[in-house]
Amino acid sequence: MNKLILLLVAISLFSCETKESKPVFSEKVVSYNYKVSNQPKNSKNPYSILFSLEKTTSNSYTIVTDIHLRRGAHFVSPNSKRDFKGKFKILIPKNNNVVVDHNLIENPRSTEENDPHPFVAGLVNWVRVNTTYKQKLTVTNPNDFTISGAIEFVIEPNCTLEKVPFTIKQYNGELIIFGDDC
């Protein structure tokens with residue numbers, strides 16, 4: 001019996017692989033934590049971001065952007081009806097590699113509120129809780145390519161324009177997304 005247990009342990013040890021800390025190529029979800037998301041909860045940064053991709057069909061994907069807010073941080077939702085320069089948006093330049101559906105899904109969906117602050121002075125959808133955004137894209141090029149994009153928004157109460165870069169890359173038919181460390 002001891003020999004059988006020893007044999008099973010040896011087989012399981014030899015079948016293990018070591019993995020490098022790179023983005024993982026996967027059919028379902030490929031994700032990379034943007035550098036600020038690894039900061040501790042008491043970090044001075046008011047938010048963290050996690051990017052990932054969900055494959056929906058052979059050439060369709062959903063970009064998933066999770067934003068975690070800290071210490072009362074908030075920003076204007078893309079669902080705000082009024083025009084604000086600092087609204088949350090995902091920027092992907094026009095290109096011949098992907099077609100982006102510009103409908104951005106927000107979960108949980110923000111609600112409209114009246115803000116008397118002189119710079120707002122009216123109705124606005126503030127995002128005050130951890131929120132996930134999803135945006136669909138369709139790959140139109142079967143070859144390898146790289147696209148640089150960014151998430152842009154004004155984070156309050158700091159009142160700073162945040163531009164968080166990311167890269168979408170197709171390599172050997174696999175699509176990945178990762179945050180840029182620059």
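As the structure is a computational prediction, the values presented were derived from the model and not from experiment. Hydrogens, waters and symmetry mates are skipped; everything else that's a heavy atom, side chains included, is used.
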Step-by-step side-chain contact (heavy atoms from CB on, under 4.5 Å) determination, L53 to V64: CA-CA 6 Å; L53 278 176; V64 180; over 6 Å; no
Stepwise side-chain contact (heavy atoms from CB on, under 4.5 Å) check, I176 with Y171: CA-CA 8 Å; I176 62 169; Y171 181 73; over 6 Å; no
Show, in sequence, the C-alpha distance, side-chain angles and deciding distance for E174 and K169, and conclude whether the salt bridge (Lys or Arg N to Asp or Glu O under 4.0 Å) test is met. CA-CA 8 Å; E174 296 291 333; K169 185 172 189 166; over 6 Å; no
Using ring-ring contact (aromatic ring centres under 6.0 Å, His included), reason through F153 and Y47 one step at a time and then give a plain yes or no. CA-CA 12 Å; F153 61 101; Y47 66 91; 5.3 Å; yes
Go through the steps for E54 and K134 under the test side-chain contact (heavy atoms from CB on, under 4.5 Å), then give the verdict. CA-CA 10 Å; E54 294 175 352; K134 292 187 174 189; 3.6 Å; yes
Worked check of side-chain hydrogen bond (donor to acceptor under 3.5 Å, both in side chains) between N59 and T138: CA-CA 6 Å; N59 64 338; T138 303; 5.8 Å; no
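A side chain to side chain contact (heavy atoms under 4.5 Å, CB included) with Y61 is found for exactly one of T56, I177, V139, namely V139.
Side chains of N79 and E106: a donor on one and an acceptor on the other come within 3.5 Å. Judged purely by distance below 3.5 Å, without hydrogens or angles, the side chains of S110 and N125 pair a donor atom with an acceptor atom. For the residue pair T62 and Q135, no side-chain donor N or O sits within less than 3.5 Å of a side-chain acceptor on the partner.
Inter-residue side-chain proximity for W126 and E113 is flagged as met; some heavy-atom pair is nearer than 4.5 Å. The side-chain heavy atoms of E162 and V154, taken from C-beta on, include no pair separated by under 4.5 Å. I151 places none of its side-chain heavy atoms less than 4.5 Å from the side chain of K163.
Across all their heavy atoms, Q170 and N143 have their closest contact at NE2-O, 2.9 Å.
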